[in-house]
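Convention: sequence-line order gives letters A, B, ...; per-chain numbering from 1.
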Amino acid sequence: MAAAPTPPTPKRPGKPKPRRIRPTGDTPPPSPVRHYADFTAALLAWFQTGARDLPWRRTRDPYAIWVSEIMLQQTQVKTVIPYWERWMQHLPTPGALAAAAPETVHKLWEGLGYYSRGRRLQEGARVIQTEHGGVFPHDFAAILALPGVGRYTAGAIASIAFNQPRPILDGNVIRVLARHYGIAGNPRARAVNETLWSLAQDLVTTAATASAPPRAASAFNQALMELGALVCTPRQPQCPSCPVRAACVARRTNRVGELPATPPRPEATKRWFVAVIPEWAGRYLVRRRPEGGVNAGLWEFPNLEFTGAAATSTGADPVAAARAVLGPVPCAPTPLATVRHSITRYRITLTAHRAVVTDAVAAAALPGEWRTPAELAALSFPSAHRKLCDRLPHPARPTV
DNA sequence: CATCCGTGGAG
DNA sequence: TCTCCAAGGAT
């Protein structure tokens with residue numbers, strides 16, 4: 001139980017219930033109240049000296065922080081930095097994003113993955129325009145109501161941008177808290193997950209109380225994640241340099257390597273795709289992926305998935321591949337490239353062929369649109385197909 | 001509660 | 001090459 005009053009939390013009405021930390025070690029926990037204060041103070045002090053200079057830490061603009069948080073979902077900091085810089089340069093305000101062409105959003109997101117994030121970001125910007133007068137909402141419930149914003153992201157924006165003592169719980173925080181407090185069990189299972197959220201709430205509340213430094217809620221939540229990213233890492237954690245190592249249950253009980261529990265992942269499934277890139281008069285045929293599906297609105301080269309024995313044999317035979325993908329049209333298919341990539345639990349092999357077609361074939365209604373390499377550069381592709389662009393005779397480089 | 005959604009870095 | 005997983009959310 002925290003020393004400070006818990007801020008109003010719509011999710012937990014009723015009397016404030018004392019919370020119990022359940023270390024699985026044999027050592028009883030120290031007094032929670034005193035420990036929380038020690039923990040938050042140590043982490044805040046460490047963060048002041050050890051924080052990385054990330055671009056979105058140079059601003060308090062809630063829009064900028066929102067964009068960063070959406071980009072950072074399941075995506076590493078190093079990957080996000082250039083995307084965030086470009087995005088903020090082109091779409092610096094909710095108004096600019098709300099008014100942007102969807103193609104602009106796609107292009108700025110190209111290669112980042114989970115493309116629905118970009119679409120929902122724009123939907124959110126339109127909500128801000130229409131329901132909040134173009135001003136990013138301070139109210140937690142309003143932030144949480146934005147599309148693509150869940151419990152974690154809402155807490156991150158509320159705390160980081162507005163210094164509200166809202167908890168966050170991401171992969172980093174799960175790891176730090178599970179180890180520090182010796183919390184066993186699957187952190188994604190309901191009971192364990194709620195224990196972790198409660199702990200995160202108590203800690204940020206403690207951090208934000210009276211004698212705290214300015215913007216302590218903001219700093220503390222970032223410090224939790226920073227510790228998980230730099231010190232309390234999944235593999236080879238740097239315990240000797242941890243600012244809270246003395247009270248760490250996992251370290252005292254020699255279970256740093258076992259916490260947090262990691263449930264088995266679904267087994268990877270191999271899949272094979274064959275793409276055929278029709279070429280005519282210096283142009284290539286591309287098609288747009290349908291709305292509502294994977295990679296909605298992005299462009300791709302004509303392709304098909306093959307299963308079983310047909311997969312490898314068709315991938316090796318350009319003529320059979322062209323026939324399967326394009327139908328019985330005369331063309332001269334030649335191998336172009338094979339691209340391997342992973343999509344969630346799928347391990348995909350994409351084999352591509354160039355297929356020069358005659359005027360008559362080009363005039364016939366092949367499904368798609370003819371584009372020059374320069375035009376391809378302006379479109380947005382999933383990474384695998386963007387790689388195919390790069391292998392064409394005149395590579396089309398992305399330009400934003 | 002389980003599954004899906006993309007990609008790239010690190011070891 | 002292969003595995004894990006990274007500032008998760010929606011369905």
Inset, instruction - Answer yes when A/E85 and A/R58 have at least one side-chain N-carboxylate O distance shorter than 4.0 Å, and no when they do not. - result: no
Inset, instruction - Without swapping roles, check the side chain of A/N193 against the backbone of A/R188 for a donor-acceptor pair under 3.5 Å. - result: no
Inset, instruction - Identify whether any heavy atom of A/P382 sits under 4.0 Å from a base atom; if not, whether one sits that close to sugar-phosphate; answer base, sugar-phosphate or nothing. - result: sugar-phosphate
Inset, instruction - Go through residues 290-304 of chain A and report each residue with a non-hydrogen atom lying under 4.0 Å from DNA chain B, sorted by number. - result: A/V294, A/N295
Legend entry - Separation between the P atoms of B/dA2 and C/dA7, rounded to whole Å: 23 Å
Legend entry - A/Y83 OH - B/dG6 C1' separation (whole Å): 10 Å
Inset, instruction - For nucleotides 4-11 of chain C, just jot down a letter per nucleotide in 5' to 3' order: B, S or -, based on protein non-hydrogen atoms under 4.0 Å. - result: BBBBBSS-
Legend entry - Distance in angstrom units between A/K387 NZ and B/dG6 P, rounded: 15 Å
Legend entry - Whole angstrom value for the distance that separates P of B/dG11 from CD of A/Q236: 7 Å
Inset, instruction - Using whole Å, report how far CE of A/M71 lies from P of B/dT7. - result: 15 Å
Inset, instruction - Can you tell me the distance, in whole Å, between the NE2 atom of A/H341 and the P atom of C/dT3? - result: 17 Å
Legend entry - Residue whose nearest DNA chain B nucleotide is more 5′ - A/S342 or A/A191: A/A191
Legend entry - Distance, rounded to the nearest Å, where A/N186 contributes CG and B/dA2 contributes C1': 12 Å
Legend entry - Rounded interatomic separation in angstrom, taking CD from A/E267 and P from B/dC4: 14 Å
Legend entry - A/K107 and A/E103 ion-paired at < 4.0 Å: no
Which pairs would a plain distance check flag for residues 259-271 of chain A, meaning a side-chain donor or acceptor within less than 3.5 Å of a matching protein atom at least two apart in sequence or in another chain?
unit_1: A/T269; atom_1: OG1; unit_2: A/R345; atom_2: NH1; d: 2.8
unit_1: A/R271; atom_1: NE; unit_2: A/E305; atom_2: OE2; d: 2.8
unit_1: A/R271; atom_1: NH2; unit_2: A/E305; atom_2: OE1; d: 2.8

Legend entry - Heavy-atom pair with the smallest gap, counting every atom of A/Y83 and A/L108: CD2-O, 3.3 Å
Legend entry - Validation row, ring centre A/F140 to ring centre A/F162 under 6.0 Å: no
Inset, instruction - Round to a whole Å and report the spacing from CD1 of A/I348 to C1' of B/dG8. - result: 15 Å
Inset, instruction - Name the nucleic acid region contacted by A/L112, choosing base, sugar-phosphate or nothing; use a 4.0 angstrom heavy-atom cut-off, strictly under. - result: base
Legend entry - P spacing across the pair B/dG6 / C/dT11, given as an integer number of angstrom: 14 Å
Legend entry - Below 4.0 Å: OP1/OP2 of B/dT7 and any side-chain N or O of A/Y115: yes
Legend entry - Heavy-atom donor-acceptor pair, A/R179 side chain to A/V256 backbone, under 3.5 Å: yes
Inset, instruction - Determine, for A/E110 against A/R86, whether the closest basic-nitrogen to carboxylate-oxygen distance falls under 4.0 angstrom. - result: no
Inset, instruction - Ignoring hydrogens and angles, tell me if any N or O in the side chain of A/Y114 forms a donor-acceptor pair with the backbone of A/M71 under 3.5 Å. - result: no
